[in-house]
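Here's the structure we're looking at; comments come further down.
Each chain gets a letter, A, B and so on, in the order its sequence line appears, and its residues count up from 1. Just the heavy atoms: all of them, side chains too, but no hydrogens, waters or symmetry mates, feed the values below.
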Amino acid sequence: MLHFELVTPEKLVRSEEVHMVVVPGTEGDFGVLEGHAPVMSTIRDGAIQIYRTDKGEPELLAIEGGFAEVNAGGLTVLAERVG
Amino acid sequence: MASLKALKIRIGSVKSTQKITKAMKMVAAAKLRRAQEAAIAARPYASRLEKVMASLAAKVTVGESGPKLLAGTGRDQVHLLIVATSERGLAGAFNSNIVRAARRKAEELENAGKTVKIYLAGKKGRVIKRFYPTQVVVDHEMSHIKTVSFADAKAITDDVIARYEAGEFDVAHLFYARFQSALVQEPIGRQIIPVALPANDAAVVDDGGAAVEYEPDEESILADLLPRNIAIQIFGALLENAASEQGSRMTAMDNATRNAGDMIQKLSIQYNRTRQAAITTELVEIISGAEAL
């Protein structure tokens, strides 16, 4: 499972284990699964898709102004606004 | 000696003042808890952003052509002092401490031959206009804000950065009170523009040896993060300020309540003595009248 954290300046919105997250990067969407190579990317305003399980509908969250980092610890998305 | 009636009225008035200060203290205590929670909730973002900035800073070399927010304007002449205060008074020395810290810095800069401009965020900073009537460039309106949100901090940041880009100032300092406890709030001033990057040594974090891929590239990510970093610093300052304000008010109102209590006690003693004296005089009069018969 991928450790996923979504943080806004006001609070830690999510911190959970998920299957996959599709991040709307500035240069195109990218999906992050467990064991993804380290990436730092800026984000364009859009929806982030969270897949809790392999199959099933993704949960959509609109985010604005942000930044994503993938490292050994998982995926961290810093967004200015969520929702 | 004050008359009995005057004393009674005075006791009544001090009692109602005490009631008000007691209520204010309790309101401040409740608000303090909320403000503290908000300040704590903002920490994860700030610490993660700082980590990312640190690891980026280790990889990017800042040249003259680098982002202006990082490299500076190349001058050190005009300083902007951002003074964040509260919207309400009756909070002990909270606001005057911040203003004093800002004034001290302004004096120091002016003695060094620099130009000082002042940016006010919060109504209670306006006293500074008395000392620097022409240098207050902005009086940012915050009275409609109940609880500080990131958008409020962003509004200030955008304004400040726009002025920086327009060349209105070279260095910006931020003044606010850091919250230590309900009893102690320390007024501090900090430089926020140009951005001081976190020390590089601490930056070598767990890359796990793997090469990190940057999208688009290090420089543009850094340029994107810099204004965000300033915004989060201002947001943090506003949150700390909110907690400090309530803490300071709570302490001040606690003192006021206690002082009112002392005063009531003193006045009551005086009242009772005066009453006793009046009774004694009356008795003496009656007895001596009866004896004369």
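A/Glu80 touches chain B through backbone and side chain together, each having a heavy atom under 4.5 Å away. B/Leu225 touches chain A through its side chain: at least one heavy atom from C-beta onward sits under 4.5 Å away, while N, CA, C and O do not. Residue A/Ala68: no heavy atom, backbone or side chain, is found under 4.5 Å from chain B. For chain A, the nearby part of B/Ile232 is the side chain; its heavy atoms alone come within less than 4.5 Å. Proximity to chain B (any heavy atom under 4.5 Å) is restricted, for A/Thr76, to the side chain, taken from C-beta onward. Neither the backbone nor the side chain of B/Ala46 comes within contact range of chain A; no heavy atoms are under 4.5 Å apart.
Counting non-hydrogen atoms of other residues, nucleotides and ligands closer than 6.0 Å to CZ of B/Arg163 gives a total above 12. Annotation for A/Glu57: atom CD does not count as buried by contact number, only 12 or fewer foreign heavy atoms lying within 6.0 Å. With a 6.0 Å radius and a threshold of 12 heavy atoms from other residues, nucleotides or ligands, B/Lys117 has its NZ atom above the threshold.
No side-chain heavy atom of B/Phe150 sits less than 4.5 Å from a side-chain heavy atom of A/Thr8. Two residues are said to be in side-chain contact when any heavy atoms from C-beta on lie closer than 4.5 Å; B/Arg48 and A/Glu5 meet this criterion.
A distance-only check finds no donor-acceptor pair linking the side chain of B/Glu215 to the backbone of A/Thr26 [under 3.5 Å].
Between A/Gly66 and B/Asp224 the shortest heavy-atom distance is O-OD2, 4.1 Å. Between B/Ala41 and A/Glu10, the shortest heavy-atom contact is CB-O, 3.1 Å.
In this structure, B/Leu222 CG and A/Thr42 OG1 are separated by 12.0 Å, a value rounded to the nearest 0.5 Å.
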